Peer 1: 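Quick one: this structure, given as structure tokens, is what I'll be asking you about.
It should be emphasised that the depicted structure is a prediction, and the values quoted were computed from it without experimental measurement.
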Amino acid sequence: MDVLRPPLIDVDGRLYRINNPELEYYETRQSGVEWDDYSSNYNNECTQDEPCDGPDQYVIVLTDSGRYKTAFHVARVYYGPIIGAKGQNRKRLEDETKTIIRVPRHPQDQDIVITGSSRGAVAAARRRIEMTVMSYRSKQQATHFISIPMINPEVKARLNEFKDIVLKDYRTRGVDESIFQNPEKLHLTLCTMVLNDNFERSEAVRVMESCKRDVIDPLLQGNSITILLSGIEYMNDDPNEVDVLYARVHANEILQRLVDDIVDYFFNAGLIDKQFERVKLHVTIMNTLFRDSRKESNGKYKARETFNVAPMLEAFRDFQFGEVTIDTIHLSTRFTTSSTGYYQATTEISLYL
């Protein structure tokens, strides 16, 4: 890590330094979390009765005993880094903020509760815990994604035709049948997210429903969107060393605006990190992650083996995969299959009802 340019994390408009960003996920190194040294900043910023960022930053109540208290949900998967080995992290945070932090043992649906003699101290402790959660969440593999199914009989048939031609005439290095997308799972990916428990999944469902009301319905006004899939593309610099091949998406500006606005909505709700200003519209048709030979007998995976698409580029430059009129948007669970053959949906919304 470059100590002069440490990684930063944004919490409610404030930037904080992440200490030791190379730590592994806490389930393998629970004692590895280090609280950054905020004691001097804390003393300067958060010792008043109001929290640093204003009285409405968190719900903090004054109890009958004259102490301040806040309660909030944190997924159980993050309890390890919050508590630390032998409770060291929690004890240090309690000492530095002059608070008492209760992390529930059972059951899962209880909240973390922070109490202290001042509103600012309670807010500071909560903010530090949220920073820890955000840091570890950023290292987790996504569990869910927002998807638009690209499935109809025409498109599925054309993908199978594309696969047959490639395997017959363009079986270049790294190409085998297992790396082709399942036609039942063709989709546009809008964004990915980490949802660890029922509380987080319920919150994502709520945001999805409010997004339909606030974003989707006003934009579409009952009008349908038809997408043409035609041609192929890849996103790295060398067509001889490709991991993912996409069907090119041809759509009007309304679709681009729709997906961008949905991603912005989830970003503003705090459920995702936003990497780019605009969503890259793409439909995966070949992916080396699907390769059967990657999995070893011990359950681990070999490094991805790329494939060569250079001979295919001209041959399939205008290949027609077909048109899809989109009618639903799903909050899909990764690595699952439903009874329909598509991904299991935590929720799905209709665009035209």
Side-chain angles (χ1 to χ4, degrees), residues 144-163 181-193 204-233 235 244-269 271-272 274 276-285 316-334 336-353:
H144 292 71
F145 62 105
I146 299 178
S147 71
I148 300 178
M150 293 281 104
I151 301 169
N152 64 28
E154 176 194 9
V155 171
K156 289 191 289 187
R158 292 292 284 170
L159 177 61
N160 283 326
E161 181 180 340
F162 168 80
K163 180 173 74 172
Q181 174 67 284
N182 179 348
E184 301 293 343
K185 289 188 171 182
L186 284 171
H187 65 276
L188 278 173
T189 298
L190 276 62
C191 60
T192 61
M193 66 192 74
V205 170
R206 183 193 66 77
V207 172
M208 194 89 162
E209 292 170 348
S210 62
C211 181
K212 173 176 167 56
R213 179 192 67 235
D214 298 338
V215 171
I216 298 171
D217 290 347
L219 179 60
L220 296 185
Q221 298 182 349
N223 297 313
S224 62
I225 297 179
T226 297
I227 300 173
L228 170 65
L229 301 179
S230 174
I232 59 175
E233 61 183 346
M235 295 185 191
V244 186
L245 187 69
Y246 307 94
R248 186 178 291 114
V249 177
H250 303 267
N252 58 32
E253 184 60 28
I254 293 296
L255 175 63
Q256 186 69 58
R257 182 179 168 189
L258 175 68
V259 299
D260 289 342
D261 287 354
I262 291 172
V263 169
D264 285 343
Y265 199 89
F266 272 77
F267 172 74
N268 292 330
L271 290 178
I272 66 170
K274 187 177 176 184
F276 306 101
E277 284 302 311
R278 307 192 80 188
V279 176
K280 171 64 177 176
L281 298 174
H282 62 279
V283 174
T284 298
I285 54 176
F316 296 100
R317 181 169 60 91
D318 298 315
F319 187 88
Q320 300 290 309
F321 291 95
E323 290 185 338
V324 178
T325 299
I326 64 174
D327 54 10
T328 59
I329 298 179
H330 292 220
L331 177 59
S332 303
T333 307
R334 296 185 69 196
T336 63
T337 303
S338 70
S339 59
T340 68
Y342 194 64
Y343 298 92
Q344 290 182 359
T346 299
T347 190
E348 59 182 271
I349 57 175
S350 171
L351 299 186
Y352 310 117
L353 294 180

Peer 1: Quick one: side-chain contact (heavy atoms from CB on, under 4.5 Å) partners of Lys156, sequence neighbours excluded?
Peer 2: Ile151, Pro183, Glu184
Peer 1: Grab the two heavy atoms, one from Thr328 and one from Ser350, that are nearest each other, plus how far apart they are.
Peer 2: CG2-CA, 4.4 Å
Peer 1: Between Leu245 and Phe162, what is the shortest heavy-atom contact and its length?
Peer 2: CD2-CZ, 4.1 Å
Peer 1: Passes side-chain contact (heavy atoms from CB on, under 4.5 Å), Phe267 versus Cys191? Steps please.
Peer 2: CA-CA 10 Å; Phe267 172 74; Cys191 60; over 6 Å; no
Peer 1: Can you name the salt bridge (charged side-chain N to carboxylate O under 4.0 Å, His left out) partners of Lys185, sequence neighbours left out?
Peer 2: none
Peer 1: Could you state the interatomic distance from CD1 (Ile349) to NE2 (His330), rounded to the nearest 0.5 Å?
Peer 2: 9.5 Å
Peer 1: Could you tell me which residues satisfy side-chain hydrogen bond (donor to acceptor under 3.5 Å, both in side chains) with Thr284, sequence neighbours excluded, listed by chain and number?
Peer 2: none
Peer 1: Any chance you could measure Leu228, atom CG, to Asn252, atom CG, to the nearest 0.5 Å?
Peer 2: 11.5 Å
Peer 1: Just verifying a value: how many Å separate Leu281 CG and Arg248 CZ, rounded to the nearest 0.5 Å?
Peer 2: 12.5 Å
Peer 1: Nearest 0.5 Å, what's the CD1-CZ distance between Ile285 and Phe321?
Peer 2: 4.0 Å
Peer 1: Could you tell me which residues satisfy side-chain hydrogen bond (donor to acceptor under 3.5 Å, both in side chains) with Arg206, sequence neighbours excluded, listed by chain and number?
Peer 2: Glu203
Peer 1: So do Leu331 and Met193 actually touch side chain to side chain, heavy atoms under 4.5 Å?
Peer 2: yes
Peer 1: Would you please name every residue forming a ring-ring contact (aromatic ring centres under 6.0 Å, His included) with His144, sequence neighbours left out?
Peer 2: none
Peer 1: Report the residues that fulfil side-chain contact (heavy atoms from CB on, under 4.5 Å) with Arg317, sequence neighbours left out, ordered by chain and then residue number.
Peer 2: Glu314
Peer 1: Who pairs with His282 by ring-ring contact (aromatic ring centres under 6.0 Å, His included), at least two apart in sequence or on another chain?
Peer 2: Tyr246
Peer 1: Side chains of Gln320 and Ser230: any donor to acceptor distance under 3.5 Å?
Peer 2: yes
Peer 1: Could you tell me which non-hydrogen atom of Ser147 sits nearest to which non-hydrogen atom of Tyr342, and how far apart they are?
Peer 2: OG-OH, 2.8 Å
Peer 1: If we ignore angles and hydrogens, is there a donor and acceptor under 3.5 Å between the side chains of Thr325 and Ser224?
Peer 2: no
Peer 1: Applying side-chain hydrogen bond (donor to acceptor under 3.5 Å, both in side chains), name anything that partners Glu161, two or more places apart in sequence or on another chain.
Peer 2: Arg158
Peer 1: So which of Leu186, Ile227, Asn160 actually passes side chain to side chain contact (heavy atoms under 4.5 Å, CB included) with Val155?
Peer 2: Leu186
Peer 1: Can you give me the closest heavy-atom contact between Val207 and Tyr265, atom names plus distance?
Peer 2: O-CE2, 3.7 Å
Peer 1: Can you tell me how far apart CG (Leu255) and CD1 (Ile225) are? Round to the nearest 0.5 Å.
Peer 2: 5.0 Å
Peer 1: Hey, what do you get for CG (Leu188) to CG (Leu229), rounding to the nearest 0.5 Å?
Peer 2: 7.5 Å
Peer 1: Output all residues satisfying salt bridge (charged side-chain N to carboxylate O under 4.0 Å, His left out) with Glu253, sequence neighbours left out; order by chain, then residue number.
Peer 2: Arg278
Peer 1: Name all residues meeting the side-chain hydrogen bond (donor to acceptor under 3.5 Å, both in side chains) criterion together with Thr336; count only those two or more places apart in sequence or in a different chain, and write none if there are none.
Peer 2: none
Peer 1: Would the number of heavy atoms belonging to other residues, nucleotides or ligands and lying under 6.0 Å from CZ of Arg334 be above 12?
Peer 2: yes
Peer 1: Evaluate the side-chain proximity of Met150 to Ile326: yes if any heavy-atom separation is below 4.5 Å, no if none is.
Peer 2: yes
Peer 1: Is there a side-chain contact between Ile329 and Ile216 (heavy atoms, below 4.5 Å)?
Peer 2: yes
Peer 1: Any donor and acceptor pair, going by atom type alone, linking the side chain of Gln256 with main-chain N or O of Val279 inside 3.5 Å?
Peer 2: yes
Peer 1: Sequence neighbours excluded, which residues qualify as ring-ring contact (aromatic ring centres under 6.0 Å, His included) partners of Tyr343?
Peer 2: Phe145, His187
Peer 1: Looking at Val263 and Leu190, what are the two nearest heavy atoms and their distance?
Peer 2: CG2-O, 3.6 Å
Peer 1: Asp327: what forms a salt bridge (charged side-chain N to carboxylate O under 4.0 Å, His left out) with it, not counting sequence neighbours?
Peer 2: none
